[in-house]
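Positions are given from 1, in the same order as the sequence printed here.
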Amino acid sequence: MVAFRLSIGNYVDDPELKLPKISSLCIILGMNVLLQISFFIIVSSSNEYAEYLGGSSTFSGLVIGIPTVFGGLALVPMTKFDKGQYAMPLHVGCLAAILGHIAYATAYRLHFLYLILIGRCLNGISFTGFMYTKRYCTDPRIVGIRRRTTLASWLVIGQGLGMTLGPFSGGLLYKIGFSSPIFNGYTSPGWVMACVYAVFWIIIALYFEDVSGVSSQTSSLPLRVVHAPRPSHDEQGGTLFTRATCGVVFCMCWFAMLCFFILGSWEANLPVFGAVTPDLRWSPFSAGNFIALGGITAFPFLLANIYFAGRIQDRKLLALGCGLGLLGLTIFLSLLRTGKIDYGSLFMCWWAIALGFNLATTVTLSLLSKQLPPERNRWSSMVIQYANYTGRVTGAVWGGSGVSVGMLNYVGLEIALVGIGAALFTTLWRNLKAKTG
């Protein structure tokens, strides 16, 4: 906690360095961690759970990715009624998460395949919190421009924790098994997470201090009548985007989609691929451990990123992350061609991909928030989150189908998508420059 305070200390004198109340910020970061764990905790056992209930590996991938679809649908009414605040989405998110995890768990006793899908759809409503945590960390009312990449780095730390704790705990609960038809290896992740969210909901009610519902552009100064020329369209309606700005927005959305597409596809594919590969033959417990090991070994580098985020330009962090991820994909493609895949070589690829694309997600929203005016923060948070959702759901389905479509085709598509991003990146390099921090 001391290190946390030192790294994001409360700089009240410089508006570019301002930060929200620490207790509220910790709740936002904690919610991000819980959402990440919720997304990943079923990854290691969902394939076998779906097969037990009569589903397939592709259906398992759909179960993993479907929450983001419903998260995207729920964002529309949620943003309509949130009044620019965060408490209401937090409360709704906790309720939806509890109901979703309970539904996922009860599908076993009822032997109803589609109830796990319904439960994950309810979880999707809570996943609107992904957008709100990002928006909170770039909200110009409470976060200075030189603190946004740093706070985004803390969100990525949450991704790393979720990617580690989720699959590991899910695999561990499956390994322990339990003998109850209610609480067993398939259902225990749902029951455990429902209880965790119930406790966290109480913490939110007691300690979260919301921001003012007034727009960041609204002033408390008294009004007075003045005679002025008729404002232009730009002054009336916000900001007219130039071609360069549109290019930057599209580029950041592409990378926001790309990173979560690849991460989501690998997390869904590894348990399936590991189970059918002769030299691996993984159980859900083994698959969960493997995915978690990638997160654990990447974690120190993600933690170091908090320090470097204040000193390295966002565009350089993006290039470094995607370059490292592309290296992992390229090595894996060569391993598939030679057929020499073992635990060590596969882990090397997964580590590079997990670290690289997690690093790259640090800057997609923070860079955009630095280039657009403050009144565009809600809009930019929405478009980046929809790109994230698109990547998560399509990636999970693609990962679940990887063995069926052929692993060479599976990796080849991912490399092609990175190549498109590289073309965008190099073309817009000068336009991607923004303040550090």
- [ ] With sequence neighbours excluded, tell me which residues meet side-chain hydrogen bond (donor to acceptor under 3.5 Å, both in side chains) with Ser126.
- [x] none
TODO: Kindly say whether Val211 contributes a backbone atom to a donor-acceptor pair with the side chain of Gln85 at under 3.5 angstrom?
DONE: yes
Task: side-chain hydrogen bond (donor to acceptor under 3.5 Å, both in side chains) partners for Tyr389, two or more places apart - done: none
TODO: For Asn47 and Ser60, indicate whether the former's side chain and the latter's backbone hold a donor-acceptor pair under 3.5 Å.
DONE: no
Task: Inter- and intrachain pairs under salt bridge (Lys or Arg N to Asp or Glu O under 4.0 Å), touching residues 317-334, at least two apart - done: none
Task: Qualifying side chain to side chain donor-acceptor pair (under 3.5 Å) pairs with a residue from residues 320-333, counting only residues at least two apart or across chains - done: none
Task: Ion pair check, Lys433 and Asp314, cut-off under 4.0 Å - done: no
Open item on the list: Could you check, using the six-membered ring where one of them is a Trp, whether Tyr174 and Phe285 have ring centers closer than 6.0 angstrom?
Closed with: no
- [ ] Could you tell me the separation between the CG atom of Leu367 and the OG1 atom of Thr149, rounded to the nearest 0.5 Å?
- [x] 7.5 Å
Task: Residue pairs passing the ring-ring contact (aromatic ring centres under 6.0 Å, His included) test where at least one lies in residues 53-83, sequence neighbours excluded - done: Phe59-Tyr114
- [ ] Could you tell me whether a side-chain N or O of Asp210 sits under 3.5 Å from a main-chain N or O of Tyr86, the two making a donor and an acceptor?
- [x] yes
Task: Donor-acceptor pair between Ser366 and Lys134 side chains, under 3.5 angstrom - done: no
Give the table of side-chain donor-acceptor pairs shorter than 3.5 Å for residues 197-207, with sequence neighbours excluded, one pair per line with atom names and distance.
residue, atom, partner, partner atom, Å
Tyr197, OH, Leu34, O, 3.2
Tyr197, OH, Ser38, OG, 2.8
Trp201, NE1, His91, ND1, 2.9

- [ ] Please report the C-alpha distance between Asp139 and Ile142 in whole Å, then the side-chain angles of each, then the deciding distance to 0.1 Å, and finally whether the side chain to side chain contact (heavy atoms under 4.5 Å, CB included) criterion is met.
- [x] CA-CA 6 Å; Asp139 194 327; Ile142 50 177; 3.8 Å; yes
Can you give the donor-acceptor pairs under 3.5 Å from side chains of residues 292-300 to other protein atoms, not counting sequence neighbours?
residue, atom, partner, partner atom, Å
Thr297, OG1, Leu293, O, 2.8
Thr297, OG1, Gly294, O, 3.2

Task: Partner residues of Ser286 under the side-chain hydrogen bond (donor to acceptor under 3.5 Å, both in side chains) criterion, sequence neighbours left out - done: Ser283
- [ ] Hey, could you give me the CG/CG distance between Asn409 and Leu336, rounded to the nearest 0.5 Å?
- [x] 10.5 Å
Task: Side-chain (Ser44) to main-chain (Gly288) donor-acceptor, under 3.5 angstrom - done: no
Task: Side-chain heavy-atom pair Leu329, Val418 within 4.5 angstrom cut-off - done: yes
Open item on the list: So does Gly65 get a backbone contact from the side chain of Arg120, meaning a donor-acceptor N/O pair under 3.5 Å?
Closed with: no
Open item on the list: Which residue in the set Leu25, Ile306, Thr138 passes side chain to side chain contact (heavy atoms under 4.5 Å, CB included) when paired with Leu151?
Closed with: Leu25
- [ ] Taking the six-membered ring of Phe130 (Phe, Tyr or Trp), confirm whether the NZ or CZ of Arg392 is under 6.0 Å from its centre and within 45° of its axis.
- [x] yes
Task: Charged N-O contact under 4.0 Å between Arg378 and Asp82 - done: yes
TODO: First locate atom OG1 of Thr133, then atom OH of Tyr136, and finally report the distance between them rounded to the nearest 0.5 Å.
DONE: 11.5 Å
- [ ] Please list all pairs passing the salt bridge (Lys or Arg N to Asp or Glu O under 4.0 Å) test where one or both residues lie in residues 19-44, with sequence neighbours left out.
- [x] Lys21-Glu209
TODO: State, with a plain yes or no, whether a side-chain heavy atom of Ile64 is found less than 4.5 Å away from one of Val397.
DONE: no
Task: Test item: Thr68 side-chain N/O and Gly71 main-chain N/O as donor-acceptor pair under 3.5 Å - done: no
- [ ] Please tell me if the side chains of Gln385 and Leu75 come closer than 4.5 Å, counting only heavy atoms from C-beta onward.
- [x] yes
Open item on the list: Between Ser153 and Thr150, is there a side-chain donor-acceptor contact under 3.5 Å, judged purely by atom types and distance?
Closed with: no
Task: With Thr361 via side-chain hydrogen bond (donor to acceptor under 3.5 Å, both in side chains) - residues at least two apart - done: Gln159
Task: Non-hydrogen side-chain atoms of Met252 and Leu318 separated by less than 4.5 Å - done: yes
Task: Nearest heavy atoms of Ala74 and Thr128, plus distance in Å - done: CB-CG2, 3.7 Å
Task: Rounded distance [0.5 Å steps], CG in Leu424 versus SG in Cys251 - done: 5.0 Å
TODO: Test Val156 against Leu359 for side chain to side chain contact (heavy atoms under 4.5 Å, CB included), laying out the working first.
DONE: CA-CA 7 Å; Val156 174; Leu359 280 177; 5.8 Å; no
Task: Interatomic distance, Met193 atom CE to Ile42 atom CD1 [nearest 0.5 angstrom] - done: 11.5 Å
Task: Verdict with supporting geometry, Thr277 and Phe273, side chain to side chain contact (heavy atoms under 4.5 Å, CB included) - done: CA-CA 6 Å; Thr277 302; Phe273 177 71; 3.5 Å; yes
Open item on the list: Strictly distance-based, threshold 3.5 Å: is any side-chain N or O of Arg141 a donor or acceptor partner for the main-chain N or O of Ser212?
Closed with: yes
All N/O donor-acceptor pairs, side-chain side in residues 254-269, below 3.5 Å, sequence neighbours left out:
residue, atom, partner, partner atom, Å
Trp254, NE1, Leu417, O, 3.3
Ser265, OG, Phe261, O, 3.1
Ser265, OG, Ile262, O, 2.9
Ser265, OG, Tyr410, OH, 3.4
Ser265, OG, Glu414, OE2, 2.5
Trp266, NE1, Glu414, OE1, 3.0
Asn269, ND2, Gly399, O, 3.1

Task: Pairs meeting criterion ring-ring contact (aromatic ring centres under 6.0 Å, His included) with involvement of residues 356-377, two or more places apart - done: none
TODO: State, with a plain yes or no, whether a side-chain heavy atom of Met131 is found less than 4.5 Å away from one of Thr79.
DONE: yes
TODO: Evaluate the side chain to side chain donor-acceptor pair (under 3.5 Å) criterion for residues Ser401 and Ser404: first the C-alpha distance (whole Å), next the side-chain angles of each, then the deciding distance (0.1 Å), finally the verdict.
DONE: CA-CA 5 Å; Ser401 305; Ser404 301; 5.9 Å; no
Open item on the list: Quick check against the 3.5 Å criterion: does Tyr49 have a side-chain atom that pairs as donor or acceptor with the backbone of Tyr108?
Closed with: yes
Task: Modelled atom types, side-chain donor and acceptor of Ser369 and Ser380, under 3.5 Å - done: no
Task: Flag side-chain contact, heavy atom, 4.5 Å: Glu51 against Ser57 - done: yes
- [ ] Would you sort out whether Trp191 and Tyr104 count as a ring pair (Phe, Tyr, Trp, His ring centres under 6.0 Å), showing the intermediate values?
- [x] CA-CA 9 Å; Trp191 293 119; Tyr104 184 87; over 10 Å; no
Task: Reported CG-to-CZ distance for the pair Leu173 and Phe168, which is rounded to 0.5 angstrom - done: 9.5 Å
Open item on the list: Between Leu161 and Ile37, does the side chain to side chain contact (heavy atoms under 4.5 Å, CB included) criterion hold? Intermediate values first, please.
Closed with: CA-CA 8 Å; Leu161 285 173; Ile37 293 174; over 6 Å; no
